[in-house]
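Order of the sequence lines fixes the chain letters, A, B, ..., with proteins taken first and strands second; residue numbering starts at 1 for each chain. Bear in mind the structure is a predicted one, so any value in this text is a computation, not a measurement.
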Amino acid sequence: MSKKGTTTFIIQRASAVLLMPLAAWLMFSLIVYVGAGYEAARGWIANWVNGLLFGAFIIIGAWHARIGMAEIITDYIHSWLKDILLFVNWLVALCAIVAVAWSVYNISFAG
Amino acid sequence: MVQLTLPANSKVNKNGKHYPAKEGAEKVRTFRVYRYDPDQPDNPRVDSYEVDCSNVSMVLDGLIKIKNEIDPGLAFRRSCREGVCGSCAFNINGANTLACTKSLDDLGAGDITVYPLPHQPVVKDLVTDLSNFYKQHAYIEPFLQARDAEPETEWRQSPEDRAKLDGLYECILCACCSTSCPSYWWNGDEKDTNGEGEYLGPAALLQAYRWLADSRDQLTNDRLNKLEDEFKLYRCHTIMNCAQVCPKHLNPAKAIAEIKKMMVTRPPANTPKSVKAAAE
Ligand code: SF4
Ligand code: SF4
Ligand code: FES
């Protein structure tokens, strides 16, 4: 058992704090773009500031969600299944992060 | 895996006995009491007793009356009968509390159900095995520890520092809080191969904080180290059942939050990792 209880606790709280303004910003942007089409949305992310903030939202959100899910798994699953589920959970978060980082890089920066 | 259903031998059967009120009884109330006898092969049952409550004010008085006048075989712990020993904690009408301070008037007009504290092994009837609960209390080392040489007279403490222990020292270790805590149900005795993976529960953690908050105690950092893993402290998810049921009106959840604050704000050099790295 690792001694990382406090580190996890801090990351969970810090990511929650970061997510609050990011979520507000995203919500505001989505409302502005209600009804706009695919091209408009793509154009919005192509602006590097939006791309960066959107990427940050998904990456921080994915890690925050990973910790939350890991807490639930740790609470309820005590068998050999626990380590497998924790690994899958970690993998899902990592995939989300890689996918969004790659997309934002392509749309906002490389394109 | 979490136990969401009771083990087969713990399910309450329907063979409970009924003891009707004696003729001429006044203010009759029905006590529905959990019964389990380890010497019999039967599953637990719930007996119902119609009790003359004309001279009964607290639930414990009712139980004592049942034991004295109706069914001497009923087993339960009690001692002080005034809320200071912590012996008579049961699950009464669905909430953990002390039978000796719970008045019948507070329980409405219906039946009064009395079960043992939840999720603990039952020794007999309302008596639970609290060995693990006490072991967790021992783990937090509930006594003053200092590195300085012992003073000639006493360890001095200012009235202000003493006041910081109010709301902590009053705990009577009744176990109402820990056995009402879902996190404690799921992980209160969990062990992995390293002997870890056990949530200490609100009662032990309230006492841990009682010594962390004591100005005379000098082992703060070691005490925090003993709580640093993913289970002992951090399984508390601030569900607050503990604070809701505590019959002494203490707030273990708040004490736990204070410990987490101490964990987060202590200098990185004091954490187990850095201490270990420095030693290597
Ligand atoms: S904190 Fe309250 S409920 Fe918990 S053991 Fe102490 S007195 Fe009982
Ligand atoms: S606040 Fe923490 S200790 Fe209290 S009931 Fe909830 S999880 Fe348990
Ligand atoms: S008998 Fe002592 S607390 Fe109830």
Is it true that, when you exclude [X] itself, more than 12 heavy atoms of the residues, nucleotides or ligands shown sit nearer than 6.0 Å to its [atom1]?
| X | atom1 | value |
| --- | --- | --- |
| B:R162 | CZ | yes |
| A:F87 | CZ | no |
| B:K254 | NZ | no |
| B:W155 | CH2 | yes |
| B:Q244 | CD | no |

Determine, step by step, whether B:E228 and A:K4 satisfy the side chain to side chain contact (heavy atoms under 4.5 Å, CB included) criterion, reporting the C-alpha distance in whole Å, the side-chain angles of both residues, the deciding distance to 0.1 Å, and the verdict. CA-CA 7 Å; B:E228 174 65 278; A:K4 61 182 179 148; over 6 Å; no
Is any side-chain heavy atom of A:F9 closer than 4.5 Å to a side-chain heavy atom of B:M263?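 Side chain of A:F9 against side chain of B:M263, heavy atoms only: no contact under 4.5 Å found.
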B:N187 side-chain N/O to A:D75 backbone N/O, donor-acceptor pair under 3.5 Å: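 Confirmed, B:N187 side chain pairs with A:D75 backbone.
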Atom pair OG1 (A:T6) and CG (B:L233), whose distance is rounded to the nearest 0.5 Å: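 One gets 7.0 Å once the value is rounded to the nearest 0.5 Å.
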What part of A:T74 lies closer than 4.5 angstrom to a heavy atom of chain B: side chain, backbone, both or neither?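 For A:T74, heavy atoms of backbone and side chain both lie under 4.5 Å from chain B.
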